[in-house]
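These notes concern the structure reproduced below.
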Amino acid sequence: MKPAFSICVYCGSRPGADPRFAQVAVEVGRWIGEHGGQLVYGGGNNGLMGVLAGAALAAGARVVGVIPHAMVEREWARRDCTELHIVDNMHQRKGMMAERADAFLALPGGIGTFEEFFEAWTWRHVGFHEKPIGLLDTGGYYQSLLSFLREGVQQGFMDDRQMKMLTVGAEPGVVLAKLVEEVGPNPRRMDLSQI
Ligand code: AMP
């Protein structure tokens, strides 16, 4: 059966210091499964990524993992994904993840998570896609980033239109429901030829 929606989740390949991070990864995976959705993610089994995928699979979600072959060992590719795609490189990974998803959501994470989140956002800003983007601010982890982004607006390097592209919140169910609502019945466009 076709999933009700497909969401690409970016998150840490480490668990982070606060136990709420793993808790929120479980809640996101579970929510996707319980709402008949599909998770698209990096295919690994370490840190929050593994927790997220495990919770999604346990809740009956389709899970699509996309991992470059050079990272299969390093990130402990999850062979129990519904679909595991082992691709040639990071660009293919990110392109396929973006194409297979209707929306993007970043959980707490490190530089890999930041890079993917900013890439999805900048791709939308330049018009390569129209998919909703969310940021899950668990335990205030992203507060300093958000204030820096507002500084970017203040200083004239960014604008409100860009900020309004983001759905930010601390409650996984609320953020996920908003993203799915924004997707609506028709999957959003993604122009892979531009990336
Ligand atoms: P991190 O948030 O640093 O723990 O990384 C989370 C995920 O981001 C990992 O699966 C990385 O493979 C991935 N990632 C995405 N883009 C990149 C990139 N350009 N360089 C390195 N890792 C990346």
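We count ligands from 1, going down the list as the structure has it; atoms in each ligand are counted the same way. Counting from 1, the numbers follow the sequence of the chain as shown.
In terms of polar-atom proximity, defined here as any N/O pair under 3.5 Å, G112 does make such a contact with ligand 1.
Residues F114 and Y10 keep their aromatic ring centres 6.0 Å or farther apart.
At a threshold of 4.0 Å, the pair R93-E75 counts as salt-bridged, since one of the basic side-chain nitrogens sits closer than that to a carboxylate oxygen. The residues K94 and E119 are annotated as salt-bridged, a charged nitrogen and a carboxylate oxygen being separated by less than 4.0 angstrom. A salt bridge links R124 with E182: the distance from a Lys NZ or Arg NE/NH1/NH2 to an Asp or Glu carboxylate oxygen falls below 4.0 Å.
The closest approach between a heavy atom of G12 and any atom of ligand 1 is below 4.0 Å. For the ligand labelled ligand 1, residue G110 lies inside the 4.0 Å heavy-atom shell. Using a 4.0 Å cutoff on heavy atoms, M49 counts as a contact of ligand 1.
Linking Ile, Leu, Val, Met, Phe, Trp and Tyr residues whenever their side-chain heavy atoms come within less than 4.5 Å places V168 and M158 in a single cluster. Taking hydrophobic clusters as Ile, Leu, Val, Met, Phe, Trp and Tyr residues chained together by side-chain heavy-atom distances below 4.5 Å, M49 does not share a cluster with F104.
Summary of contacts: the protein heavy atom closest to atom 9 (C) of ligand 1 is E75 OE2, 3.1 Å. Protein heavy atom at the shortest distance from atom 2 (O) of ligand 1 is T113 OG1, 2.5 Å. The protein heavy-atom contact nearest to atom 16 (N) of ligand 1 is E115 OE1, 2.9 Å.
When side chains are defined from C-beta on, V64 does not count as touching L39, because their heavy atoms never get closer than 4.5 Å.
Ring pair W31/F5 is tilted by interplanar angle, where 30° to 60° counts as tilted.
By heavy-atom distance, the residue among G16, C11, G42 lying nearest atom 6 (C) of ligand 1 is C11. The option from H91, M90, E119 that lies nearest to atom 20 (N) of ligand 1, judged by heavy atoms, is M90.
Near M71, with a cut-off below 4.0 Å to any heavy atom, the atoms of ligand 1 are 12 (O). In summary, the atoms of ligand 1 found under 4.0 Å from a heavy atom of S13, numbered by their order in the structure, are 1 (P), 4 (O), 5 (O), 6 (C).
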